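Below you'll find the structure, written out as structure tokens, and then a few comments.
Keep in mind the model is a prediction, meaning the values are calculated, not measured.
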Protein chains: 2
Amino acid sequence: MLSDRVRMNAYFNSIFQNKHHFQGKTVLDVGAGSGILAIWSAQAGARKVYAVEATKMSEHARALVKANNLEDVVEVIEGSMEEVTLPEKVDVIISEWMGYFLLRESMFDSVICARDRWLKPMGMMYPSHARMWVAPIRSGSVDKKINDYEDAMDDWYHFTNETKSKYGVDMSVLKKSFSEEQRKYYLQTSLWSNLHPHQVIGTAAVVKEIDCLTVTVNDILEVRSNLSSSITLENTRLCGFGGWFDVHFRGRKEDPAQQEIELTTAPSIDNGTHWGQQVFLMHPPIRVSEGDGLNVSFLMKRSMENHRLLEVELGCEIRQCSGTILPSFNKKFYIE
Amino acid sequence: MLSDRVRMNAYFNSIFQNKHHFQGKTVLDVGAGSGILAIWSAQAGARKVYAVEATKMSEHARALVKANNLEDVVEVIEGSMEEVTLPEKVDVIISEWMGYFLLRESMFDSVICARDRWLKPMGMMYPSHARMWVAPIRSGSVDKKINDYEDAMDDWYHFTNETKSKYGVDMSVLKKSFSEEQRKYYLQTSLWSNLHPHQVIGTAAVVKEIDCLTVTVNDILEVRSNLSSSITLENTRLCGFGGWFDVHFRGRKEDPAQQEIELTTAPSIDNGTHWGQQVFLMHPPIRVSEGDGLNVSFLMKRSMENHRLLEVELGCEIRQCSGTILPSFNKKFYIE
């Protein structure tokens, strides 16, 4: 949290430019970490702030609260959100719960749980809304990753030849699973990336909108969407898709923010965040040009083996300006 | 295992240059991985080989055994060594159990367990012996790591100043724990390194000798040693210590190897292994010269939080040629 300026500013502004949401109110900070959001909430005038943190980081939070003379307002509670008991319901739940591409780590589950258990009927969520975005991109990484994969397979052939001739063991039966493993590692694992806006070669589309006040865990177990995008660059290569998110601080309809704040992790020259973007490479790249249309099918699920990780299926059909429709393709990715 | 030539050759030679230890014998391969040691044992003439592997890698091992037409000899068993039951006791236990600096990962525990449960009274261990070594070294890494640490602390001062002036929160109370964390990360975590032999500036000393036939888990929970080393280089810097290991394949006293094989992970120009060496940096470096004597105290324990990781305490007293004794120092390290 602390070393990401864009993130710090967004939360700071969301609180101090909307003090009326905090003055005299009770606040719950979910996954408080060092407790900075709880401290700001108190400084903005909250009557009481509960800062729930599951790890030993809670000790830092407690020290920080004390050093800033806020022990009377901020109560740090070490425990998991699913298990702690608060002495009262709260007016505001604030949390910095977002993972890579919004949902990696699945920490939002705890925020939803906190909301269902502890938010007053007319309470509000900070942030109040979240969106996931996808856009077509170009990227030199695709060439590098294909080379890396091919190098790994070359090494494998060399190695199995040697193992056969020098060590007398035929390893060729393992080729398929080795190749699948390398393919997954080099070509099907999404990349953390800090994309330059120029790498985005078409219109970005929203794949998921979340109202933090009403969404259920069930709503985010699977994210499924069909979306359209148009290529906006003359004669370029479609190398894959970039995925990012934004969140908004809008208060609630009956008591909106005086100043709406946006925190976006879209490609940016000056305002990159530690979240960056997730890049899903398509190989081989496909030549596209301005006006070409993409129909994209997007499906994201939690990994069966580890529900904090994600699996993505991206399908794409390209309608060229000329009217020609290229054969559609479908790829599977892992966000690890 | 497979991509490290030095390792492959040592095991291959230990088996095929000592076929008399395998011909007509029963063999247990502990932590078999892809099963290569089991296959070699069978090819060398074993009557029966049990290949125990706890992970899904056992499926690869099974495929490999079948592809090499050894299903009648090699039986792959998926399970933990502590829990599986074999139909008979064995003549030989073979295993590639060594972790960084020999004991990281603590896989040797399973080999000892296998030996106590399944090795015949006159059976033998492959490898039969292991040693841990320590030697004084010079290394430019120490300067880099000190710089990294100082950069991190500079960032911290900048960050806390800004957090105070711009965001109104005093973080200075966390300085101590931040500094300790950075110190641990940059200065107290041992480094994997592929040392050039020229970086070793004094005599190497054995800190632990293990007879695989008799050692108990208790014997390796803690490794404690006082050792001496002499600086062998004119006017250089003592920047820390390098740690490595070797293992030997000697059979047993009553039935020795025809050809003793050594697998060493000592600093080497041409025969580096994936184990490399662990480097423990001392800062600031100390100027030493040929003939200076070091008295080193070495203590290695398993980490309380994770018994697969290790903690090392290294103390050192330097007796200069001139007779002057420099103030001794003592440092704590983490092998992670």
Would you call the rings of A:Tyr126 and A:Phe249 parallel, tilted or perpendicular, taking 30° and 60° as the class edges? tilted
In terms of ring plane angle, is the pair A:Tyr100 and A:His274 parallel, tilted or perpendicular, where the classes change at 30° and 60°? tilted
How many angstroms lie between atom NE2 of B:His21 and atom CD1 of B:Ile94, to the nearest 0.5 angstrom? 12.0 Å
At a heavy-atom separation under 4.5 Å, does [X] approach chain A through its side chain, its backbone, both, or neither?
{"X": "B:Tyr167", "result": "both"}
{"X": "B:Glu162", "result": "side chain"}
{"X": "B:Asn68", "result": "side chain"}
{"X": "B:Lys66", "result": "neither"}

Is it true that a side-chain atom of B:Trp192 and a backbone atom of B:Trp275 form a donor plus acceptor pair closer than 3.5 Å? yes
Let's test your reading of the structure: which of A:Asp155, A:Ile39, A:Asn9 forms the most heavy-atom pairs below 4.5 Å with chain B? A:Asn9
Would A:Ser58 and A:Glu78 count as having a side-chain donor-acceptor pair, cut-off 3.5 Å? yes
